[in-house]
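For clarity, every value in this text was computed on a predicted model and none was experimentally measured.
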Number of protein chains: 2
Amino acid sequence: MTLQQLRYLCEVAKQGLNISAAAAALHTSQPGISKQIRILEDELGVTVFVRSGKRLVGITAEGKAVLAAAERMVHEADNLRSLGKELRTPDEGILTIATTHTQARYVLPPVVRKFSDRYPAVKLILHQGNPEQVADAVASGNADLAIATEAVAANPALLTLPCYQWNRCAVVPPGHPLLGQAPLTLQALSQYPLVTYDFSFTGRAKVNEAFAALGLNPNVVLTALDSDVIKTYVELGLGVGVLASMAYDPARDANLRAIDASHLFQPSVTRVALRRGHYLRAFHYHFIELFAPQLTQSVVQSALLGDAPDFVI
Amino acid sequence: MTLQQLRYLCEVAKQGLNISAAAAALHTSQPGISKQIRILEDELGVTVFVRSGKRLVGITAEGKAVLAAAERMVHEADNLRSLGKELRTPDEGILTIATTHTQARYVLPPVVRKFSDRYPAVKLILHQGNPEQVADAVASGNADLAIATEAVAANPALLTLPCYQWNRCAVVPPGHPLLGQAPLTLQALSQYPLVTYDFSFTGRAKVNEAFAALGLNPNVVLTALDSDVIKTYVELGLGVGVLASMAYDPARDANLRAIDASHLFQPSVTRVALRRGHYLRAFHYHFIELFAPQLTQSVVQSALLGDAPDFVI
DNA sequence: CACCGTTACGGTATCCGTAAGGATT
DNA sequence: AATCCTTACGGATACCGTAACGGTG
């Protein structure tokens, strides 16, 4: 049994039972992988893959157990390598963050700025996607941490920690009738066509719930995947935008007006998600702390060890 | 990085930083281990061992972290091999039990008998020792499970589950004055010299506590590591024995009489200890269930996953 | 002097890549 | 016809064991 063989096994499974694709991903040859997997299956006495003729078509029940163990080991090996790098060059490395548009565009910039000043030799990679994709990226090891607002709590392989609360505002063109009446009500809002986030996104559910609780049925004319698109269509006069408050910047959005709506909707909590068992380097912890000061390294570590219950900010 | 290298690393640490001993234990050559460890240290960029000239004299702080990861991986590899064997030949293998004398001599025989009938191809190995040694054997992987009564709960790497309660009896030669007076009292017992277990053993502490609670100071003239020794000295007239009830067998111990003492002492709980993260085969679970019927495979598995609180029989 | 780890060296086995074969979609 | 896994084969590499060397208690 070799770590190499286990890596091959995992990659083939990851690539959808395609040895050729696995070979390409690992920069090696198909026959090499094919043979090593055979050798491993021989040694363990377990056939992992169901073969139909000369094609892999499935994973046996036993194979799933083997695969799970193999993944743990490969992951541990990666951790060990990370540990080596950490000890050698603690301020160098790669920080991969999976996050949604709103975070990347409006919340992270000052954090990234501070982080880069402190760790100039750390390369930053931002993976953008919807909350589900973002969670998957961390679960599969493609990203070190995820920052998103919902749907990141489902996967048991992930640990999510609350970072900050936020709420929404309505945005309208200058001179819009809603600007006169204060404070804003859901009834008033529902008189206008609305432009807001796609359902899969940052707390969109809370918007729906608030209207539904009053028996209102708002006319949502457009849903978008990011705040900038929403603002663009509000500028065009398509309707009233319902945005995350941090996505409105009076200076940058001079041709829009915001109306506070935090009293209308349940607040949303943005969370950071980490993969359990994934080794985190000092700069990972530092980034998290820059983003959410209450999440110090020791807080995160004890949460990763499992003894911290879900806590609230 | 190779599994082999990690194995070497662990073995050297285990053998007290002695490469030669590790080589002997792994049936290979010193130079091979020496070189592979160098290569690993090079690759990780971490010096694991403190070298004084040409001698290993310690483990660096970083090395401890590396070693911990290495041990996890080696252990996982062993688990994977076990899994292979399990799937191939579920009824063959080796069951290594670490236990104390009393269990091995008086409690386990009928269990082992039933087990051997069901799994004739499983080789049984019994490691005998005091509770501390027994726990160490499991923690270090030298035994699959431990059965003992105390001091097995300390190690966080171990999971212990309660199996059954027991208490003590007094044993005396035929015609002893204590046989007339019923029921037995601690005051009566303390009139005679006592022969009982060594302090490190099966619930000896509870015996002391009971006497101390009444301000009595019994005269313990001999302590022993196993019940047979105690009975032998009682036969010689050295004193009154205080024994685990299951260690008295009226048929076999025809020249001794037992007096129930279960109302005098706190009951003791015999537990089975398992190493967290250690793969258990079907026959392991089956043995545990034969020993303690309430500990079915699913009960043990969910306890190993950590979600079961300590429960009582 | 005995013990221990490192270096040097040679043989062997393993692993990898190329090329060709057979099966499936 | 294209894709994909397997088998076969050759070369390079890495690993392991023996032998010799250099420190250390």
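Between E11(A) atom CD and dC5(D) atom C1' there is a gap of 17 Å when expressed in whole angstrom units. Per the geometry, CD belonging to Q4(B) stands 13 Å off C1' belonging to dT14(C), to the nearest Å. In this structure, CG of L56(B) is placed 13 Å from C1' of dG23(D), rounded to the nearest angstrom. Between the P atom of dC15(C) and the CG atom of L6(A) lies a distance of 13 Å, rounded to the nearest Å. Look at CG on L26(B): it is 15 Å from C1' on dG17(D), rounded to the nearest Å. Note: CD (Q36(A)) to P (dT7(D)) measures 14 Å, nearest angstrom. When rounded to the nearest whole Å, the span between CD1 of I33(A) and P of dT7(D) equals 16 Å.
The pair D228(A)-R105(A) meets the salt-bridge criterion, since a charged nitrogen lies less than 4.0 angstrom from a carboxylate oxygen. Between R81(B) and E76(B), none of the side-chain N atoms (NZ, or NE/NH1/NH2) sits under 4.0 Å from a carboxylate O, so this pair counts as no salt bridge. A salt bridge links E41(B) with R51(B): the closest approach of a Lys/Arg side-chain nitrogen to an acidic carboxylate oxygen falls below 4.0 angstrom. A salt bridge links R118(A) with D91(A): the distance from a Lys NZ or Arg NE/NH1/NH2 to an Asp or Glu carboxylate oxygen falls below 4.0 Å.
Proximity of I37(B) to V48(B): side-chain heavy atoms (C-beta onward) are nowhere separated by under 4.5 Å. At least one side-chain heavy atom of R275(A) sits less than 4.5 Å from a side-chain heavy atom of H75(A).
Sorted by residue number, the members of residues 38-51 of chain A with any non-hydrogen atom under 4.0 Å from DNA chain D read R38(A), R51(A).
No donor-acceptor pair closer than 3.5 Å links the side chain of R204(A) to the backbone N or O of T223(A).
Taking the six-membered ring for Trp and thresholds of 30 and 60 degrees, F287(A) and F115(A) have ring planes more than 60 degrees apart, a perpendicular arrangement.
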With B for base contact, S for sugar-phosphate-only contact and - for none (protein heavy atoms under 4.0 Å), nucleotides 17-25 of chain C reads BBB-B--B-

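Checked by atom type, the side-chain pair Y197(A)/S227(A) shows a donor-acceptor distance below 3.5 Å.
One finds no side-chain N or O of N18(A) lying less than 4.0 angstrom from the OP1 or OP2 phosphate oxygen of dT3(D).
If you check every strand for non-hydrogen atoms under 4.0 Å, L17(A) touches sugar and phosphate atoms only.
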